[in-house]
Each structure stands twice: as C-alpha cells, then as structure tokens.
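So that the names make sense, note that chain A is the first sequence line, chain B the second, and so on, each numbered from 1.
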There are 2 protein chains.
Amino acid sequence: MTTPTVQAPRGPVTRKDVARYAGVSTAVVSYVVNGGPKKVAPATEAKVQDAIRVLGYRPNAAARALKLGSSETIGLVIPDNSNPFFSLLSHAVEDAAAECGYALVLTNSDGSVAKERRHIRNLAARQVDGVVLASVLFEPDLVELDDADIPAVLLNHGDAAPGFSSVGVDLAAGARIAVEHLIGHGHTNIGLAMGTNTANDLDGREKGWLQALSDAGLLEGPIVRGPFSRAGGYAAGQRLLASANRPTAIFASSDMQAIGILRAIHEAGVSVPGDIAVASFDGSVEAEYSWPALTTVEQPVKAMAEAAVSALIGADRGKSAGHQLFPTKLLVRQSCGCTRTVT
Amino acid sequence: MTTPTVQAPRGPVTRKDVARYAGVSTAVVSYVVNGGPKKVAPATEAKVQDAIRVLGYRPNAAARALKLGSSETIGLVIPDNSNPFFSLLSHAVEDAAAECGYALVLTNSDGSVAKERRHIRNLAARQVDGVVLASVLFEPDLVELDDADIPAVLLNHGDAAPGFSSVGVDLAAGARIAVEHLIGHGHTNIGLAMGTNTANDLDGREKGWLQALSDAGLLEGPIVRGPFSRAGGYAAGQRLLASANRPTAIFASSDMQAIGILRAIHEAGVSVPGDIAVASFDGSVEAEYSWPALTTVEQPVKAMAEAAVSALIGADRGKSAGHQLFPTKLLVRQSCGCTRTVT
DNA sequence: CAGCGGGATTGAAACCATTCATGGAGGAAC
DNA sequence: GTTCCTCCATGAATGGTTTCAATCCCGCTG
C-alpha cells in the first residue's frame with residue numbers, strides 16, 4: 001500500500017526525467033540542485049523546482065559519489081559502542097559530521113585485530129572521506145588507508161603513528177592530577193587498575209600514576225590488569241582487596257572499571273571512601289550516578305570529536321595536522337573522600 | 001611518508017588498469033572479483049589475482065552501488081546513542097549488518113522531529129538498502145522511505161505504522177511481570193516513573209503497570225513523567241519521595257531513570273529495598289552494577305537487532321513481514337527486595 | 001574434413017550526476 | 001546595420017563497475 005501521491009513516479013526518478021518534464025537539459029537540473037557557480041534564469045529555476053517536486057526527484061548519492069570521488073561519509077572505528085565512553089564519542093562524532101552534511105559509518109572492532117582490519121578495508125573500499133580511529137590494535141593495517149589516500153585521525157592513541165594526525169587528551173597528566181588528589185588525602189598506598197596493555201608503549205595513565213607516586217616519594221601500590229569493563233573492574237577490585245598490601249586508595253583507568261571496583265568493595269562490606277578511596281578516568285555520566293559518585297578525570301569528548309571531524313573534512317582536510325591535545329579536568333565528587341558520605 | 005610498496009600506483013587504480021596489466025578484458029576482472037556465474041579459466045584467474053595484488057586494486061564502492069542500485073548499507077535512527085539501551089542496540093545492529101557485508105550509518109535524532117526528518121531524508125538520498133527506526137517521532141516522514149522504496153523496520157514502536165514491519169518486545173507484558181513481582185512482595189502503593197509520552201497511544205509499560213494493579217485490585221500509585229535519562233530519573237525520584245502518598249515501591253520505565261531514582265532515594269537517606277523497592281525496564285548492564293543491583297525487565301536486544309536486520313536484507317527483504325514480538329525476562333536482583341541487603 | 005557445441009573471453013551499453021566547452025539569442029554600443 | 005558582449009542553456013564526455021550479447025577458439029563427433 002503506497003501512499004497516494006499526486007503523481008506516482010514509476011521506478012526511480014532520474015535527473016533526466018526531471019529535465020524532460022521541465023523542458024530543459026540535464027545540466028540545468030544539476031545547476032539548480034547544486035546551486036553551482038553557473039547562473040540559471042529564475043523562470044527556468046522555478047520550472048525545474050516544480051518538476052522536482054512533482055516527480056519526487058531524489059538525487060542518486062552513488063552517482064554523485066562516483067563522479068565527485070567523495071561519498072560525504074566518514075568512518076569511525078571504536079572497540080565497543082556499548083562502552084559509554086565510546087557511545088558518547090560516536091554520538092559526538094555523528095553530530096559533528098552531520099553538521100557538515102556527512103554521514104557516519106560506525107564499526108566496532110570488539111578488540112579483535114581481524115575485525116579491525118576488515119572494517120578498515122571495508123571503509124577504504126567504500127571511499128569514505130575520512131576515518132576516525134579510536135581503536136588501533138595493529139598499526140600496519142593503517143597503510144590500507146594511506147594507500148587509498150584516505151585521511152585518518154587517531155584518537156587517544158599513545159605512540160603517534162607516522163603520517164597520521166591525532167586528537168586526544170594528555171592521559172598521563174590527567175592521571176597524575178587524579179593520583180595527586182588521592183595523595184592529597186593522605187593516602188600512601190595507591191593501587192592501580194589498568195587495561196591489558198597491547199601497545200609496546202606504556203599507557204599514559206599508568207605513566208601518570210607512576211609519576212605522581214614517585215614525585216611524592218611513594219612506593220608503587222599494587223597493579224591489576226584486565227578488560228576495560230564493569231566485569232573486568234569487578235574482578236580487579238576483588239584482586240586488589242585480596243592483595244597482600246591492600247591499598248587504601250585505587251585509581252582506575254576507566255569509569256567502567258571503577259564501577260566494577262565499587263561493587264567488589266561494597267560486597268566485601270568495605271566502605272568508600274572511608275576505608276578505600278577511588279578515583280578514575282573518563283568523566284562519563286554513569287560515574288556521576290554511581291554510589292558514591294565517582295571522582296573522575298573528565299575528557300572533553302565533544303571537543304575532541306569536533307576536532308577529529310574537522311581535521312578530516314574541515315578546510316585543511318587531511319593535512320596530517322599533527323597532534324592536538326585537549327585539557328582534562330578533575331571532577332571531584334565523593335569517592336575520593338572529599339565529602340564524607342555513608343556508604 | 002607513504003610506505004614503500006613494491007609498485008606504488010599513481011592515483012586510484014581502476015579495474016581497467018588491472019585488465020591492462022593482466023592482459024585481459026575488464027569483464028574478466030569483474031568476474032574474478034565477484035565470482036559471478038560466468039566461469040573464468042584458472043590460469044586467467046591467477047593472472048588477474050596477481051595483477052590485483054601487485055597494483056593494490058580496490059573496487060570502487062560508489063561505482064558498484066550506482067550500477068547495482070544497492071549501497072550495501074543500512075541506516076539506523078535512534079534517539080540518542082549515549083543512552084546505554086540504544087548504544088547496545090547500535091552495536092548489535094552493526095554486528096548483524098557486518099555479518100552480511102553491510103555497513104551501518106548511525107544517526108541520532110536527539111528527540112527532535114526536525115533532526116529525525118533530516119536524517120531520514122538523508123538516508124533515503126544515500127540509497128541505503130534499509131532503515132531501522134528506533135525513534136519515530138513523526139510518522140508522516142516515513143513516506144520518504146516508502147517513496148524511495150526503502151524497506152524499514154520499526155523497533156519497539158507502539159502503534160504499528162501501516163505498511164511497515166516491526167520488531168519489538170511486548171512492553172505491557174514485561175511491565176506487568178515486574179509490577180506483579182513488586183506486588184508479590186506485599187507492596188500496595190506502587191509508583192510509576194514514565195517518559196513523557198509523545199504518541200497518541202499510551203506507552204505499553206504504562207498499560208502493563210495499570211493492568212497489574214487493577215488485576216490485583218490495587219489503586220494506582222503516583223505517576224511522574226520526565227526524560228528517559230538519569231537526570232530525569234533523579235528528578236522523578238525526588239518528586240515521588242515528596243508525593244503526598246509516598247509509594248513503597250517504584251516501577252521505572254527505563255534503567256536510566258531507575259538509576260537516577262536510586263540516587264534520589266540514597267540522598268534522602270531512605271533505604272532500598274528496605275523502605276522503597278525499585279524495579280525497572282531494559283535489562284542494561286548498568287543496572288547490574290548499580291547499588292543495590294536493579295531488578296529489571298530484560299529485552300533481548302541482540303535478537304531484536306538481528307531480526308530487524310534480517311527483515312531488511314534477509315532472503316525476504318523488505319516484505320513487510322508483519323510484527324515480530326520477542327519475549328522479555330525479569331532479571332531478579334536486589335532492588336526489589338528479594339535479597340536482603342544493607343544499603 | 002566439415003560442422004557443431006560449448007566454454008572462455010570480449011566489447012559495449014547502462015547506471016546517474018557533474019562540468020567543460022560550445023552555441024545561440026538578445027541587447028547595447030558604435 | 002553591424003559587431004561585440006553578456007547571459008543562459010545545451011550536448012557530450014567522464015567516472016568505475018556490471019552484465020548481456022556476441023565472438024572466438026578448441027576439441028569432438030559424424
């Protein structure tokens with residue numbers, strides 16, 4: 001049951017049909033649609049607009065992309081869209097892209113190198129105009145993009161891949177501020193919950209933790225590694241609680257982990273921040289609603305997304321604009337001990 | 001600094017280049033690439049494969065889409081990707097689509113009719129092969145898709161739009177089970193936190209709540225409406241706590257709201273589930289890690305996503321396969337009072 | 001040996017929009 | 001009246017791929 005249109009067009013309407021209907025050439029239709037530099041007489045334009053409306057003409061994006069060599073699309077590769085940090089990022093990137101009339105193709109690598117490779121290949125084949133990479137498990141695959149001359153932006157990627165621009169946050173500085181804050185509360189044994197590090201380089205957050213401790217002349221607290229998820233954090237929390245020198249404060253490298261840690265601590269009947277203080281990294285909304293509310297290092301996700309998109313499709317598109325670093329901000333709430341709360 | 005390839009191809013490599021290099025016609029290349037029905041001699045195939053590898057040939061998706069009239073892409077329109085329910089949905093839809101070689105274009109309507117319309121238009125112009133609509137604010141805009149002959153699937157959309165297939169969960173049944181569970185705990189004054197209903201029809205969850213109450217011969221508890229967000233839930237919680245006949249149990253129509261409600265209750269120094277029991281709808285992971293863990297009605301998001309995608313690009317693509325309903329499941333945890341916990 | 005069948009390969013049309021070079025008409029200036 | 005210029009409009013080429021119809025070549029059969 002199609003809706004009763006005034007004039008039901010059979011099959012797809014092309015710009016040729018419009019031209020015929022309006023009694024002009026196809027070129028004129030093109031000029032009208034795109035408002036090109038070429039002038040079109042007002043009367044003609046009206047005729048064409050009329051024809052477009054009557055026939056329900058809809059430009060064919062594929063043909064346009066073929067001719068123009070641009071799909072008005074950007075790709076995004078993230079580990080997992082159900083992780084709040086990345087879902088917020090996707091949203092922000094989509095917003096920024098839509099602002100410029102670009103569409104966003106979303107792909108999840110799920111921590112799999114093979115999947116990541118497949119996605120990158122696929123995006124390259126689709127002639128996307130740029131790719132935001134927030135998950136780079138295997139750098140050699142980036143040559144796919146380079147070969148296809150597709151600009152890419154790396155997000156929060158530690159060791160800079162040569163030839164690619166990047167956008168991110170100073171992970172080490174952010175982590176240091178948080179750990180220093182914990183130190184300020186008098187803690188001397190501060191544990192760390194990290195992701196399993198895949199890169200050859202040390203994660204910035206781990207560096208920041210180390211720096212803060214050594215600057216304060218403290219010994220390293222226990223380190224636990226695991227997935228950046230609530231479940232991973234839960235397991236990490238249990239191990240930290242059971243560790244020989246149980247820390248009195250924990251810095252978690254993501255809010256998700258901190259949420260899991262909080263649960264492990266609650267279940268053990270230990271109080272936060274009374275017995276153990278917690279701080280983490282990301283600044284997600286969820287951290288604001290945990291109990292107690294998490295003190296966390298905020299990343300300016302929106303600004304980062306906008307910068308990434310603009311590096312891809314802005315005026316200076318794909319010029320490998322080097323590395324943009326954004327400032328973090330410590331959101332002080334209850335889990336660090338700044339406000340006494342009952343748990 | 002491009003990587004040193006054996007043979008750096010200048011500019012994009014087309015199938016013509018491959019044909020020339022391999023000493024065959026372009027048609028053969030096409031057959032080799034697509035493994036069409038036409039047979040290609042093994043020797044020839046090897047030559048072509050070789051040429052493809054050496055030249056680094058990459059088929060042009062735009063040209064392919066133009067010729068085939070299919071972009072191997074599906075669109076997804078959701079209210080907000082930073083809402084965990086929808087971010088999980090996006091992920092699941094992306095997975096299901098990628099499984100079939102399709103890419104996913106993600107768009108957020110942010111609750112704006114204008115944005116939703118723009119996105120639907122844009123998707124239609126891009127000749128996506130199907131659209132999953134999880135946010136339908138304004139049904140008339142759906143004709144855009146109908147006109148463009150693009151199949152669409154509605155997700156959890158109450159009143160069925162004629163001519164569109166839909167996938168969802170029996171919201172009323174799910175809500176009823178949860179509310180009945182609360183009644184089973186002896187509660188007689190059960191409040192409701194709902195979204196602001198935009199549809200002319202009553203939301204299924206509200207219906208389920210009403211049914212469970214009337215079946216048990218109970219009076220309606222207080223109703224509060226607000227955004228499906230943590231902040232919305234927080235405000236709702238405060239209002240429920242302050243209401244004249246403060247309920248001893250609350251059913252929230254989304255986990256996000258329940259999380260906010262939990263915070264409001266905590267801050268008021270009231271215990272959950274001791275003084276007020278809480279149950280909600282969605283079955284998100286976040287609900288498992290709240291404190292106390294939320295009893296919630298699980299939606300089989302993955303199955304729904306797969307069904308939606310398969311309705312669009314499966315064997316019976318876009319045949320308006322009617323309405324598929326999936327079963328919900330009550331995940332019983334602590335917030336309803338089934339396990340005594342200290343808060 | 002002629003004819004035939006069939007598998008492998010080819011050439012060219014079609015898909016739809018963009019854009020350049022060209023053409024024509026009309027007005028203004030001399 | 002002629003020339004020149006401006007302003008609009010047009011035809012045709014272009015982009016990369018798919019696929020039909022046609023061709024070619026080889027071997028087999030009668």
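For N60(B), the side-chain atoms get nearest to dG16(D) when compared with the rest of dA9(D), dG16(D), dT10(D). Closest to the T26(B) side chain, of the nucleotides dT18(C), dT18(D), dT9(C), is dT18(D). The side chain of N34(A) lies closest to dT18(C) when the candidates are dT19(D), dT18(C), dA17(C). Among the nucleotides dA8(C), dC15(C), dC20(C), the one closest to the side chain of Y31(A) is dC20(C). Of the listed nucleotides (dA14(C), dT10(D), dG15(D)), dG15(D) has the atom at the smallest distance from the side chain of K67(A). Comparing dC16(C), dG16(D), dT18(C) by their closest approach to the side chain of T14(B) singles out dG16(D). Distance from the side chain of A41(B) is smallest to dA8(C) among dT18(D), dA8(C), dC15(C). Picking from dT19(C), dG16(D), dC16(C) the nucleotide with the shortest atom distance to the side chain of A27(A) gives dT19(C). Taking every side-chain heavy atom of L66(B) into account, dC15(C) is the closest of dT19(C), dC15(C), dT18(D).
Nearer the 5' end of DNA chain C, as judged by each residue's closest nucleotide, is the contact made by T44(B), out of A63(B) and T44(B). Nearest-nucleotide positions on DNA chain C for G23(B) and P59(A) put G23(B) closer to the 5' end.
Using a 4.0 Å cut-off between charged nitrogen and carboxylate oxygen, R58(B) and D149(A) do not count as a salt-bridge pair.
Computed from coordinates, the E72(B) CD to dT18(D) C1' distance equals 13 Å when rounded to whole Å. Atom P of nucleotide dA12(C) and atom NZ of K16(B) are separated by 12 Å, given to the nearest angstrom. Between the CG atom of D17(B) and the P atom of dG15(D) there is a distance of 11 Å, rounded to whole Å. When the P atom of dT10(C) is taken as reference, atom CZ of R20(B) falls 14 Å away, rounded to whole Å. Between the CZ atom of R15(A) and the C1' atom of dT18(C) there is a distance of 9 Å, rounded to whole Å. The interatomic distance linking L68(A) (CG) with dC16(C) (P) rounds to 17 Å, in whole Å.
Where the helix from dC1(C)-dG30(D) to dC30(C)-dG1(D) starts and where it ends, the local axes point in directions that differ by 60°; five pairs per end, rounded to 10°.
The closest side-chain donor-acceptor pair between S112(A) and D110(A), if any, does not fall under 3.5 angstrom. In summary, the side chains of S166(A) and Q324(A) do not present any donor paired with an acceptor at a separation below 3.5 Å, with no hydrogens or angles considered. With hydrogens and angles left out, the side-chain atoms of S70(A) and D129(A) include a donor and acceptor closer than 3.5 Å. In the model, R126(B) has a side-chain atom that pairs as donor or acceptor with a side-chain atom of T73(A) under 3.5 Å.
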Note to self: Before you tell me yes or no, could you show the steps for S87(A) and N81(B) under side chain to side chain donor-acceptor pair (under 3.5 Å), namely the whole-Å CA-CA distance, both residues' side-chain angles and the distance that decides it to 0.1 Å?
What the structure shows: CA-CA 6 Å; S87(A) 65; N81(B) 190 56; 4.9 Å; no
Margin query: side chain to side chain contact (heavy atoms under 4.5 Å, CB included), that's the test. Do I78(B) and N108(B) meet it? Break it down for me.
Written below: CA-CA 5 Å; I78(B) 56 179; N108(B) 298 280; 3.7 Å; yes
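Side-chain N/O atoms of R64(A) include none lying less than 4.0 angstrom from OP1 or OP2 on dC16(C). Residue S30(B) has a polar side-chain atom (N or O) positioned under 4.0 Å from OP1 or OP2 of dT18(D).
Interatomic distance, CD of E144(A) versus CG of N122(A), reported as 11.0 Å (0.5 Å rounding).
When heavy atoms are screened at a 4.0 angstrom cut-off, V24(B) is found touching the sugar-phosphate backbone but no base atom.
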